[in-house]
Amino acid sequence: MDTHDLAAFKRHIRLYIGVFVALLIATVITVAVSYFHFGHEDSHVGNVTIALIIAGAKAFLVAAFFMHLSSEKRAIYTLLVFTSLFCLVMLGLTVYGHYDTPDLTQWTQSGDGMVIRTTEELRHEP
Amino acid sequence: MDIPYTVHPRPDTGLYNAKLGIWLFLASEVMLFGALFSSYVLLRVGSPNWLYEDAKDLSVALGTFNTAVLITSSITMVMAWASLKLRDFSRYKLYMGLTILLGLVFMVVKSFEYGGKISHGVLPSTHTFYAIYFTMTGLHALHVLGGMAVNIYLWGPGSKLWRTNPEQLTNRVEVSGLFWHFVDLVWIFLFPVLYLL
């Protein structure tokens, strides 16, 4: 390594330390926000969204800087585009499976008539 | 015959072979953990009685501590590689040693967590949540052990390569580092998903 490269490399090292500090701060934020409830009272969507956004940002920092993806060769980017695509399709198909389950609606005889309880109601029963 | 392109990049990919190799392996790892995260989502949305944050009894303090340990081990891993780039072998030994030690701390904390659960009779069969918790953290812990094994080799007997082919050792450490950071990256998602949400 010549002196120019060396100076550039030392700047890289300072960047790594900056990323490290950012990751620790993001971890504290993740834990701190988990003590609050966001969004509708009996919905977890708000908290899940916020936690995943912070985790995504942390993952980006690790991948871009520690794993050098911010300046990598084309072959690796191509590989990762396909990987993300297949992974998203897999996630999508799995979640779709939830909507492709049999209807559990129950019809029960009670006193003066039939009581119909839908899948959703059954899910929310204690 | 020597293995080709261990030091110099292959002209068509622009990469030394081990780097393309580890990324192909990491791509398969993305699918492996992706399948488990997909299962987690399905089990969670499909469960009539999921354990939400207050109902499950995982230690957020220990989880946070272990997150910090893994993040710290990622920076020491980068510094180990950077030390070799700067031709400072004794500093490499120090940083790689620290990385291994931090991996060990992670495993000790994790085993206390597991021990606590099992001694209270909380097993994968206790609840769907614990089934996916033990599966995902167990597989992750196996990855930590695997990464530690490679790092121990590169810290100990494997570091003799420094005298004959320093560039190749530097590349091996980079590749091992890529795996180690990936294991850290998986934990970054596992921690909030299992402990906090």
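Residue numbers start from 1 in every chain, and the chains themselves are labelled A, B, ... in the order their sequence lines are given, proteins ahead of strands.
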Engaged part of A:T27 at the chain B interface, taking heavy atoms whose separation is under 4.5 Å: side chain
Segment of A:L80 engaging chain B (4.5 angstrom heavy-atom cut-off): side chain
Contact check, side chains of A:V31 and B:T67, non-hydrogen atoms, under 4.5 Å: no
Segment of B:M77 engaging chain A (4.5 angstrom heavy-atom cut-off): neither
4.5 Å side-chain heavy-atom contact, A:E72 and B:L15: yes
Neighbour count above 12 (heavy atom, 6.0 Å) for B:W187 CH2: yes
side-chain contact (heavy atoms from CB on, under 4.5 Å) evaluation trace for A:T94 with B:V41: CA-CA 8 Å; A:T94 312; B:V41 175; over 6 Å; no
Part of A:L79 lying under 4.5 Å from any heavy atom of chain B: side chain
Ring geometry between A:H44 and B:Y52 (parallel below 30°, tilted from 30 to 60°, perpendicular above 60°): parallel
Check: A:F82 ring centre within less than 6.0 Å of B:W23 ring centre: no
Side chain / backbone / both / neither for A:L69 at chain B, heavy atoms under 4.5 Å: side chain
Pick from B:V186, B:L20, B:V193, B:L24 with the largest number of heavy-atom pairs that fall under 4.5 Å of chain A: B:L24
Nearest-0.5 Å distance that lies between atom NE2 in A:H12 and atom NZ in B:K85: 10.0 Å
From CA spacing to verdict: side-chain contact (heavy atoms from CB on, under 4.5 Å), B:V78, A:F65: CA-CA 10 Å; B:V78 170; A:F65 300 108; over 6 Å; no
For chain A, the option from B:L26, B:D12, B:T64, B:T72 that forms the most heavy-atom pairs under 4.5 Å: B:T72
